[in-house]
Structures are given as C-alpha cells and as structure tokens.
Amino acid sequence: MKNSFLKNMVPAAVIALGISGAFVTTSMQSVSNSSSFRPAYILNEDDECEPVEVPCNDTSGTICLHSASGQQAFDVNAQGNCNVTLYKQN
C-alpha cells in the first residue's frame, strides 16, 4: 500500500514542481525587464546636463519628471544636449 501511494504521488509532485518553476521563471523575467530604465538628466543652473536617478524610458506616455526638483527629465542626444524627451515608466 505504501509503495502504490508513492508511485502515484511522485508523478504528481514532479508535475507540480514543473508548473511552479515555469511561473517563477516567468515572474522573475518580467521583474527584471520592468526595473530597467534609461539614464535621465535634468538641466542645472548652468544649463548643463546633470544625471539623476529617475525610472524613465522612451515609450510614449506621461512626461518623466525628477521628483526632487520637479524638472522634466531628458536623455542626451548624440551632440551631448539634454533634449530627448523621456516618459514615466509604468
């Protein structure tokens, strides 16, 4: 009786672990993608680009603002100017 119980439960346990592993892996991938963001810059008093840590990206949406200063956050273009619009990451 003990042997038949184990023979029936082992396949069920393997299936349950496989399904759990699939969900955990998918969940971990989506978390790592959502936490990545582009570097953001604000203009300081001398009109120079100053790096700030703000979760922004280049996908259309709400304009990205630096929470401490309230200034719009930008990305740098090829010439080094802070004028590339960034959007708030959802």
Open item on the list: Could you measure the distance from the CG atom of Asn81 to the CG atom of Asp75? Nearest 0.5 Å is fine.
Closed with: 11.5 Å
Open item on the list: Quick check: closest heavy atoms across Cys82 and Tyr41, and the distance to 0.1 Å?
Closed with: SG-CB, 3.7 Å
Open item on the list: Applying a strict under-4.5 Å side-chain criterion to I, L, V, M, F, W and Y, I'd like to know whether Ile42 and Val54 cluster together.
Closed with: yes
Open item on the list: Going by side chain to side chain donor-acceptor pair (under 3.5 Å), name the residues that satisfy it together with Asn83, two or more places apart in sequence or in a different chain.
Closed with: Asn77
Task: Atom pair CG (Leu86) and CD (Gln72), whose distance is rounded to the nearest 0.5 Å - done: 8.5 Å
TODO: Kindly say whether Asp46 contributes a backbone atom to a donor-acceptor pair with the side chain of Asn44 at under 3.5 angstrom?
DONE: yes
Task: Spacing of His66 atom NE2 and Glu50 atom CD [to the nearest 0.5 Å] - done: 8.0 Å
Open item on the list: Side-chain heavy atoms under 4.5 Å apart, restricted to Ile/Leu/Val/Met/Phe/Trp/Tyr: what other residues fall into the cluster of Leu65, or is it alone?
Closed with: Ile63, Tyr87
TODO: Could you tell me which non-hydrogen atom of Cys49 sits nearest to which non-hydrogen atom of Val76, and how far apart they are?
DONE: SG-CG2, 4.4 Å
